[in-house]
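Below you'll find the structure, written out as structure tokens, and then a few comments.
Order of listing sets the numbers, starting from 1, for every ligand and every atom in it.
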Amino acid sequence: MTIDAGEQPLTTHTAHSGPHLIHWRARARDLRPDGRLFIDGQRRPAASGATFHDISPIDGRVVAQVAAGDATDVDEAVAAARRAFDSGAWAQTAPRHRKQVLLRFAELLHAHREELALLETLDVGKPIADSLSVDVPSAINCMQWYAESIDKLYDEVAPTPPDTLAMIRREPLGVVGAVVPWNFPLLMAMWKIGPILSAGNSLVLKPSEKSPLSALRAAALAVEAGLPPGVFNVVTGFGHTAGRALALHEDVDGIGFTGSTATGKLILQYAAQSNLKRVSLECGGKSPNVVMADFDDIERVARASALAIFFNQGQMCSAGSRLIVHESLRDRLLASIVKVGEELTPGDPLDPATRLGAIVDAQQMQRVLGYIASAQQDGARLALGGRQVRAETGGFFIEPTVFDNVQPSMRIAREEIFGPVLSVLTFRTEQEAVALANDSTYGLAAAVWTRDLACAHRMSRAIRAGMVYVNCYDADDITVPFGGFRQSGIGRDKSLHAFDKFTELKTTWIDLN
Ligand code: NAD
């Protein structure tokens, strides 16, 4: 979701990986991540003393004991965030000062980029090459970009009659909670942290229980950069305890959520049951990747389509999981995608030559294997992969998998799998292609491949999705909003539009008579 289809993350890597692999394995062995909570600028255990095992999907090894925060810890973190907000030590400082602190934070993230990349790879099993070249640099760029924006945003004066002055100002919400997933742990967190802190809010971040380590490290670096204690707190723990307590909290003014649609619906309920806190949701997807009959560069679309579903082991909200191809191109395109997929053998995520890593945990692996079994029962044709591999390592790996002859009613065509599983469907007319693309409860991303400019415009207007890529997939820039229609969410991450979620508009009327 953060890579350009023209980049090379899935090409075969020819670097000598041996010494590098030894290097990363040694660093992984020596790493002792601190899994305690981060509240009011201090590390501390959960009030209950409870911890949970943070397990690496690379080999099933315990990477760290992590504090299992609950409602008591959330109360303390929210109280610290409220004190920090009310003190004005962050919210009331000059924009230029906030910019400098956050730029220094970005510099510290950069200085610790290898450590952060290693934490990501150990926590979720993504290839170290991706953590180093995609996750961490994109997170740093995000922080820099929002920091730079702070002293460049102006408020408004409304065009009211001459005897009045109406000023429209953006104010921070106050205390904001962020609840984020595990697929790009630091980056998804940073899409919230950037605009939340830049707008002057205080933050309580609840990372996924599957990937808590980089968030804890980032919060400590933010304080080292000069962020006042209490402005950025991290409560690790489970969704139904820590996450729920945060979303139900009476003193939290807003929640920025990224995760599944099912959890997003719960977050809305918690807001309604408590204080009507502002809720923004970045949820799931089942994105169509439509190839029109006139698109002749089959190699290019095959590579981009493989990347769109296999990058990050398919664990991407915007994954192009439904390939909707004109029937005249189906055989050639399928053969080319299978060829790309065959070259993608899952490998050791700590090896810089590895292009496909592990699935985040055993539960997610079983879920993906369950979808593969259901597709076979439903009569789809397995064209590639379909099996668990590298079981001897103790880790959780699945081959790139492609199903042909998929019918729109099948579960694999309708439900978000969040794994490296592609469904191939065919169409005859443009109208049919649009109908298939829109046949989903989701509306996050979509792509159209065509040489016909008018068709590209018609399709991009007709498809109900927050992002439509033409002749590319997953084009990405921090300046561009990210988010979906329908059950893919409410609101947008990235770009200046993200400030809409974490600020209130205030109008001040002045009578000039
Ligand atoms: P998830 O919904 O299971 O969990 C997301 C977060 O919510 C985690 O921190 C979890 O602990 C927390 N949570 C779970 N139950 C909760 C509850 N009852 N109350 C409060 N918090 C709770 O999702 P996941 O498996 O971590 O992530 C995968 C999902 O995220 C996919 O659906 C994917 O499409 C989506 N996603 C969306 C985007 C986007 O920008 N639209 C980006 C990345 C991932």
- Item | Short side-chain donor-acceptor distance under 3.5 Å, Q65 and T51 | yes
- Report yes or no: is the cationic atom of R486 (NZ for Lys, CZ for Arg) closer than 6.0 Å to the six-membered ring centre of Y442, at no more than 45° off its axis? no
- Are any of the N/O atoms in T263 less than 3.5 Å from those in ligand 1? yes
- Heavy atom under 4.0 Å from ligand 1: found in E416's side chain, backbone, both, or neither? side chain
- Query: Is there a heavy atom of G483 sitting under 4.0 angstrom from any atom of ligand 1?
  - Reply: no
- Do we see a donor-acceptor contact under 3.5 Å between the side chains of W449 and N289? yes
- Query: Hey, does V179 sit under 4.0 Å from ligand 1 if you only count heavy atoms?
  - Reply: yes
- Message: When you compare the side chains of D474 and S318, does any donor N or O come within less than 3.5 Å of an acceptor on the partner?
- Response: yes
- Query: Considering only heavy atoms of G243, which atoms of ligand 1 have at least one such atom less than 4.0 Å away?
  - Reply: 19 (N), 20 (C), 21 (N)
- Item | Donor + acceptor pair across side chains of S131, T121 (<3.5 Å) | yes
- Looking at M188, which atoms of ligand 1 are within less than 4.0 Å of one of its heavy atoms? 42 (C), 43 (C)
- Message: One residue to check: F184. Relative to ligand 1, which of side chain, backbone, both or neither has a non-hydrogen atom less than 4.0 Å away?
- Response: neither
- L266: numbered ligand 1 atoms lying under 4.0 Å from its heavy atoms: 18 (N)
- Item | Polar proximity ligand 1 side, S260 side, N/O cut 3.5 Å exclusive | yes
- Applying side-chain hydrogen bond (donor to acceptor under 3.5 Å, both in side chains), which residue pairs with at least one partner in residues 362-372 are found, sequence neighbours left out? Y371-E415
- Item | C283 near ligand 1 by a heavy-atom separation under 4.0 Å | yes
- Item | Region of N183 that comes within reach of ligand 1 [heavy atoms, distance under 4.0 Å] | side chain
- Item | Donor on one side chain, acceptor on other, D348 and T354, under 3.5 Å | no
- With a 4.0 Å cut-off on heavy atoms, does F257 reach ligand 1? yes
- Numbering as shown, the atoms of ligand 1 that approach W182 to under 4.0 Å (heavy-atom distance): 24 (P), 25 (O), 26 (O), 27 (O)
- Item | Heavy-atom nearest neighbour of atom 14 (C) of ligand 1 within options A215, A242, P207, G239 | G239
- Between N275 and H249, is any side-chain donor less than 3.5 angstrom from a side-chain acceptor? no
- Query: N/O to N/O below 3.5 Å, does that happen between S488 and ligand 1?
  - Reply: no
- Query: Is the closest side-chain donor-acceptor distance between S214 and E120 under 3.5 Å?
  - Reply: yes
- Message: Under 4.0 Å from a heavy atom of R244: which atoms of ligand 1 are those, numbered in the order shown and with their elements?
- Response: 19 (N), 20 (C)
- Query: Has I267 got any heavy atom lying under 4.0 angstrom from an atom of ligand 1?
  - Reply: yes
- Item | Rounded distance (nearest 0.5 Å) linking atom CD of Q269 with atom OG of S274 | 11.5 Å
- Residues which pass side chain to side chain donor-acceptor pair (under 3.5 Å) with K286, listed by chain and number, not counting sequence neighbours: none
- Could you label the plane-to-plane angle of the F105 and F232 rings as parallel, tilted or perpendicular, counting under 30° as parallel and over 60° as perpendicular? perpendicular
- Note: ligand 1 atoms sitting under 4.0 Å from heavy atoms of C317 are 33 (C), 34 (O), 36 (N), 37 (C), 38 (C), 39 (C), 40 (O), 41 (N), 42 (C), 43 (C), 44 (C)
- Query: Is K126 close enough and on-axis enough to F184, meaning under 6.0 Å and within 45°, for cation-pi?
  - Reply: yes
- Where ligand 1 meets F482 - atom numbers and elements under 4.0 angstrom, heavy-atom basis: 39 (C), 40 (O)
- Contact (N/O only, under 3.5 Å) between E209 and ligand 1: yes
- Kindly confirm or rule out an N or O of W191 lying under 3.5 angstrom from an N or O of ligand 1. no
